[in-house]
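To start, the structure itself, in structure tokens.
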Amino acid sequence: MRIIISPAKKMREDSDVFTAESLPQFLPQAEELRDYIRALSYAQCRALWNCSDAIAAENVARFADMELRTARTPALFAYDGIQYRYMAPNVFTEDELAYVRTHLRILSGFYGFLRPFDGVRPYRLEMQAKMADFRCGTLYEYWGAQLADALAGEDGCILNLASREYSRAVRPHLAPSVRWVDCVFAENAGGKLREKATQAKMARGAMVRYLAETGAAAPEDARGFSRFGFSYSGEHSSQDRLVFVKGE
């Protein structure tokens, strides 16, 4: 089983506790994207990132001085979003670190996908970005079937903890022989299930921690998850969709 998650916009560099063990698999593609972004004007970069002047200035500086082959921060510790805080990889045991090394993969608009200990640099490039004056109009077109093929080549079962923006870069390209299982975290509001972004991010991070703590080998092993008020709902689930409901 491979578990896929989304990246976070906020990133940091830190190799004091853990250091990178490998280079990203799709490093040449990331270098091509870096060179494309370097060639853009400031206004084009800001439009690409759809961000404030402060964030644009920070990332223009990052890309101007970006050497990807000497990155020392492992991907798992480089992202600093809600999901990663509730996963809390800094306090994983050795067995839990070994588990995520094998089973966890991080999707990325810039790097394609990352193993937990691939060395990365802070960047900004969301999967849904529109690529003006590039050979591909979108990153979905750029990555094509590469990410799906790489994941399927590792394992025939994928547990999806990524957002729609990122899972869309993989799901349409998988062969029918690959099992795909979605994890959904929803709140029961008056009999209707609704996903709330912040709660879902918290639960996704906690789910990765739960899977690592229990050494889960198959999607069905996730059913015992019960944190932040979420618990497995057999009524709303199916073979390829695990639904965890809060408020029942």
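Positions are given from 1, in the same order as the sequence printed here.
- Within the 4.5 Å cutoff, no side-chain heavy atoms of F63 are placed close to those of D35.
- Using modelled atom types and a 3.5 Å distance limit, the side chains of T73 and D14 yield no donor-acceptor pair.
- With sequence neighbours left out, the salt bridge (Lys or Arg N to Asp or Glu O under 4.0 Å) criterion links E213 to R209, R227.
- Closest of all the heavy-atom pairs between L107 and P7 is O-CD, 3.0 Å.
- In this structure, I158 and M1 have side chains that are not in contact, with every pair of non-hydrogen atoms separated by 4.5 Å or more.
- When every heavy atom of A212 is checked against every heavy atom of F92, the shortest pair comes out as CB-CE2, 4.2 Å.
- Note on I55 and I82: separate hydrophobic clusters, where clusters join Ile, Leu, Val, Met, Phe, Trp and Tyr whose side-chain heavy atoms are under 4.5 Å apart, directly or indirectly.
- Remark: I37 CD1 to L125 CG distance equals 4.5 Å, nearest 0.5 Å.
- The CZ atom of R115 sits 8.5 Å away from the CG atom of L23 when rounded to the nearest 0.5 Å.
- Counting heavy atoms from C-beta on, the side chains of M11 and V120 come closer than 4.5 Å.
- Defined by atom type and a distance below 3.5 Å, a donor-acceptor pair is missing between the side-chain atoms of Y210 and S226.
- The structure places CG of L159 at 8.5 Å from CD1 of I4, a figure rounded to the nearest 0.5 Å.
- Between the side chain of S6 and the backbone N or O of S163 there is at least one donor-acceptor pair closer than 3.5 Å.
- A salt bridge does not link R62 to E13: none of the charged nitrogens lies less than 4.0 Å from a carboxylate oxygen.
- Atom OH of Y86 is surrounded by 12 or fewer heavy atoms from other residues, nucleotides or ligands within 6.0 Å.
- When atom types are taken as modelled, the side chain of R204 and the backbone of M87 share no donor-acceptor pair closer than 3.5 angstrom.
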**Q.** ring-ring contact (aromatic ring centres under 6.0 Å, His included) between F117 and F77, worked out
**A.** CA-CA 8 Å; F117 282 83; F77 305 94; 5.7 Å; yes
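- At a threshold of 4.5 Å between non-hydrogen side-chain atoms, the residues L161 and F185 count as touching.
- Considering every non-hydrogen atom in both S237 and Y232, the closest pair reads OG-CE1, 3.2 Å.
- Using a 4.0 Å cut-off between charged nitrogen and carboxylate oxygen, R164 and E195 count as a salt-bridge pair.
- Sorted by first and then second residue, the salt bridge (charged side-chain N to carboxylate O under 4.0 Å, His left out) pairs involving residues 68-84 (not counting sequence neighbours) are K10-D80, R12-D80, E31-R69, D80-R85.
- N160 contributes atom CG, which lies 10.5 Å from atom CZ of R241 (distance to the nearest 0.5 angstrom).
- Of all the heavy atoms in C183 and F244, the pair that sits closest is SG-CE1, 4.0 Å.
- A distance-only check finds no donor-acceptor pair linking the side chain of S108 to the backbone of F113 [under 3.5 Å].
- Residues L27 and D118 have side chains not in contact (no heavy-atom distance under 4.5 Å, counting atoms from C-beta outward).
- Using a distance-only test at 3.5 Å, with no hydrogens or angles considered, a donor-acceptor pair links the side chain of E165 to the main chain of Q128.
- With hydrogens and angles disregarded, no donor-acceptor distance shorter than 3.5 Å links the side chain of E58 to the backbone of A54.
- Taking 4.0 Å as the cut-off between side-chain N and carboxylate O, K9 and E126 count as a salt-bridged pair.
- For the atom pair S167 OG and W180 CH2, the distance stands at 5.0 Å (nearest 0.5 Å).
- Around CG of N50, the count of heavy atoms belonging to other residues, nucleotides or ligands within 6.0 Å does not exceed 12.
- Under the 4.5 Å side-chain heavy-atom criterion for grouping Ile, Leu, Val, Met, Phe, Trp and Tyr, V17 is not connected to V91 through any hydrophobic cluster.
- Put simply, the side chain of H173 never gets that close to the backbone of L147: no donor and acceptor are under 3.5 Å apart.
- Under a hydrophobic clustering in which Ile, Leu, Val, Met, Phe, Trp and Tyr are joined whenever their side-chain heavy atoms come within less than 4.5 Å, directly or via other members, L33 and Y42 fall into the same cluster.
- A heavy-atom distance below 4.5 Å is not found between the side chains of R46 and V60.
- When all heavy atoms of K130 and L48 are compared, the closest pair comes out as O-CD1, 3.3 Å.
- A salt bridge is absent between E32 and R38; no separation between the charged side-chain nitrogens and carboxylate oxygens falls under 4.0 Å.
- Centroid-to-centroid, the aromatic rings of Y142 and F134 come within less than 6.0 Å.
- Interatomic distance, S231 OG to R223 CZ, rounded to the nearest 0.5 Å: 13.5 Å.
- Residues L242 and F225 are not in side-chain contact: their nearest non-hydrogen atoms beyond the backbone lie 4.5 Å or more apart.
- Side chain of Q146 to main chain of W143: a donor-acceptor pair is present (N/O by atom type, distance under 3.5 Å, no hydrogens or angles).
- A salt bridge is defined here as a Lys NZ or Arg NE, NH1 or NH2 lying under 4.0 Å from an Asp or Glu carboxylate O, and E67 with R121 fails to meet this definition.
- Each of Y36, F26, Y123 was scored for a ring pair (Phe, Tyr, Trp, His ring centres under 6.0 Å) with F110, with one residue passing: Y123.
- For R194 and E187, the salt-bridge test fails: no basic side-chain N is under 4.0 Å from an acidic carboxylate O.
- Annotation for D53: atom CG counts as buried by contact number, over 12 foreign heavy atoms lying within 6.0 Å.
- A heavy-atom distance below 4.5 Å is found between the side chains of Y99 and I3.
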